[in-house]
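Right, one structure below, let's go through it.
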Amino acid sequence: QVQLVESGGGLVQAGGSLRLSCAASGSTGSSIALGWYRQAPGKQRELVAVISIGGMTKYADSVKGRFTISRDNAKNTVYLQMNSLKPEDTAVYYCNGGTSIYRAGSNWGQGTQVTVSS
């Protein structure tokens, strides 16, 4: 098990930027892959980006070229730099920890709201 705490959400105008952070603590085995998912009201939770401890990344097509995921293994922290934000990026963003970049793990943060105004 790993504990995940997100920060950095907020309200921005379309075209603006935000940087999300997620600090992980506990089992390192449950944070081999750290990633971000998002969920809008009435919508299914979807993958945004994920990164392995070795630096392998996976992005949703809708965010490629705009978002960048990174991690600092020494700090057990994952980041999501979000540029050129669009109103459709509005959602609650959740940090996730698991053992594979190919499927979500069982560990979730509490979520942080990102709202993009037009």
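Just so we're clear, the structure is a prediction, and the values are computed from it rather than from any experiment.
Arg45 has its side chain within reach of Tyr94: a pair of non-hydrogen atoms, C-beta onward, lies under 4.5 Å apart. Between Asp72 and Tyr79 there is a side-chain heavy-atom pair separated by less than 4.5 Å. Contact annotation: the side chain of Leu20 approaches that of Val114 to within less than 4.5 Å [non-hydrogen atoms, C-beta and beyond]. For the pair Ile53 and Arg71, the minimum side-chain heavy-atom distance is below 4.5 Å.
Summarising the geometry of Leu4 relative to Cys95, their closest heavy-atom pair is CD1-O, 3.6 Å, with the distance given to 0.1 Å. Nearest approach of Pro87 to Ala14, heavy atoms of both residues: CD-CB, 4.1 Å. Closest approach of Val50 and Leu47 over heavy atoms only: CB-CD1, 4.1 Å.
Shown here is Arg103, whose CZ atom has no more than 12 heavy atoms of other residues, nucleotides or ligands within 6.0 Å.
Phe67 CZ to Ser62 OG: the interatomic distance, rounded to the nearest 0.5 Å, is 7.5 Å. Separating the CZ atom in Arg19 from the OG1 atom in Thr68 is a distance of 9.0 Å, to the nearest 0.5 Å. Rounding to the nearest 0.5 Å gives a distance of 12.0 Å between CG of Leu34 and CG of Leu80. Note: Thr112 OG1 to Arg38 CZ = 14.0 Å, rounded to the nearest 0.5 Å.
Look at Lys64 and Asp61 and you find a salt bridge, because one of the NZ, NE, NH1 or NH2 atoms lies within 4.0 Å of a carboxylate O, short of that distance.
A donor-acceptor distance shorter than 3.5 angstrom exists from the side chain of Tyr59 to the backbone of Ile69, with no hydrogens or angles considered. A donor-acceptor contact shorter than 3.5 Å is absent between the side chain of Gln13 and the backbone of Ser117. Side-chain atoms of Gln1 do not come within 3.5 Å of backbone N or O of Ser30 as any donor-acceptor pair. At distances below 3.5 Å, not a single donor-acceptor pair connects side-chain atoms of Thr115 with backbone N or O atoms of Thr90.
Applying the side chain to side chain contact (heavy atoms under 4.5 Å, CB included) test between Trp36 and each of Asn96, Val78, Val63 identifies Val78 as the sole match.
Hydrophobic clustering (side-chain heavy atoms under 4.5 Å, transitive across Ile, Leu, Val, Met, Phe, Trp, Tyr) keeps Val92 apart from Val116. In terms of hydrophobic clustering, with Ile, Leu, Val, Met, Phe, Trp and Tyr side chains grouped at heavy-atom distances under 4.5 Å, Met56 and Ile51 are assigned to different clusters. In the hydrophobic cluster analysis, where Ile, Leu, Val, Met, Phe, Trp and Tyr join through side-chain heavy atoms closer than 4.5 angstrom, Met82 is grouped together with Val48.
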